[in-house]
Amino acid sequence: MKLIVAIVQAEDAGPLLDTFNRIGLRTTRINTVGGFLETPNVTLLIAVDDDRVDEVLHTIQQECHPRTRYINALPGQGELPGMAGGAITAPIEVLVGGATIFVLNLRRLVRVGAKEAIFVSPLPPAGTMQLILAVMPSDDADRVTTSLLEADYRVTRINTTSGFLRRGNATLLLGTEPERLNAAIAAIQSHCRYREEATPEKPGTPRCAAIFVLDVDRFEHV
Ligand code: 2BA
């Protein structure tokens, strides 16, 4: 399985999510800001089977459009010919791409409520740090965070939105040594409440949290 991280322009996010819902793909939306333009964009997390990756990429390509943006020139750049230096500056044209997409190998995917990992790939090389992204309803996140902190894990919370229900949820980001991975997953599972909620695939399918696990190539704490 893969975790696709796609950064798209805010204008394209709504129609793209509608299409993902129509074709039965679950997504998590993070409201983000481009580092260069400092304008809002949207980052989507999409976990899919390997054989659906091309379909996801194709869908993004169909729904997301490159656009030209204009920003004010930086000091000392782009002055109009004939004007006093810096008096009036010409806007700079920037072409923003349709989407920026990262496809990552998932080590494990757990759907809480299904009680079991629905996907586990072979064990990582010994000692490989693991990164957990756990998406859950906002009202479970405090309880889960407290239990993880009590067990001496460190956690970062991102406020996110479910792509289907468009309801606020939370994504916890947690790095752990591989030998403590199962205990972290168990803590998340046991502190999430089980709910009956609709999903794109099947209205009424039970759902609580989705836990994505990725290998970390390098971990430093400075
Ligand atoms: P922004 O950082 O706001 O960048 C918007 C657009 O500005 C970029 O479009 C690119 O055309 C230009 N740009 C970005 N950084 C620049 C720089 N240092 N010098 C000159 N021009 C620059 P895209 O490349 O299509 O990127 C769209 C958005 O995707 C970015 O918004 C950022 O949020 C994200 N993104 C792109 N590449 C990324 C990467 N390698 N890692 C993380 N995020 C990335």
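Ligands are counted one by one from 1 in listed order, and the atoms in each one are counted from 1 as well. These numbers come from the heavy atoms of this one structure, side chains and all, not from hydrogens, waters or symmetry mates.
Distance from atom 3 (O) of ligand 1 to its nearest protein heavy atom, with residue and atom name: Leu37 N, 2.9 Å. The protein heavy atom nearest to atom 6 (C) of ligand 1 is Val94 CG1, 3.7 Å. Annotation: atom 11 (O) of ligand 1 to nearest protein heavy atom, Leu95 O, 2.8 Å. For atom 31 (O) of ligand 1, the nearest non-hydrogen atom of the protein is Gly34 CA, 3.5 Å. At the top of the distance list for atom 39 (C) of ligand 1, counting protein heavy atoms only, stands Phe102 CZ, 3.8 Å. The protein heavy-atom contact nearest to atom 44 (C) of ligand 1 is Ile7 CD1, 3.8 Å. Closest to atom 20 (C) of ligand 1, if we only count protein heavy atoms, is Phe36 CZ, 3.6 Å.
Taken to the nearest 0.5 Å, the CG atom of Leu172 stands 8.5 Å off from the CD1 atom of Ile158.
Taking the side chain as every heavy atom from C-beta outward, Ile101 and Val5 never approach each other to under 4.5 Å.
Checked against a 3.5 angstrom limit, the closest N/O atoms of Gly35 and ligand 1 fall inside it. On a distance-only criterion, Asn41 and ligand 1 share at least one N/O pair closer than 3.5 Å. Any N or O atom pair closer than 3.5 Å counts here, and Gly97 shares at least one such pair with ligand 1.
Counted by atom type alone, Asn169 and Arg29 present zero donor-acceptor pairs between their side chains at under 3.5 Å. Using modelled atom types, one finds a donor on one side chain and an acceptor on the other under 3.5 Å when comparing Thr19 with Glu63.
The backbone N or O of His65 sits less than 3.5 Å from a side-chain atom of Gln9, completing a donor-acceptor pair. In this structure, Tyr153 contributes its side chain and Ala184 its backbone to a donor-acceptor pair below 3.5 Å.
Taking the charged nitrogens against the carboxylate oxygens, Asp49 and Arg52 have no contact shorter than 4.0 Å, which rules out a salt bridge.
Heavy atoms only, all atoms of each residue included: Glu93 and Thr68 are closest at CG-CG2, 3.1 Å.
Protein heavy atoms come within 4.0 Å of atom 41 (N) of ligand 1.
For atom 9 (O) of ligand 1, the choice among Thr100, Val96, Thr68 with the nearest heavy atom turns out to be Val96.
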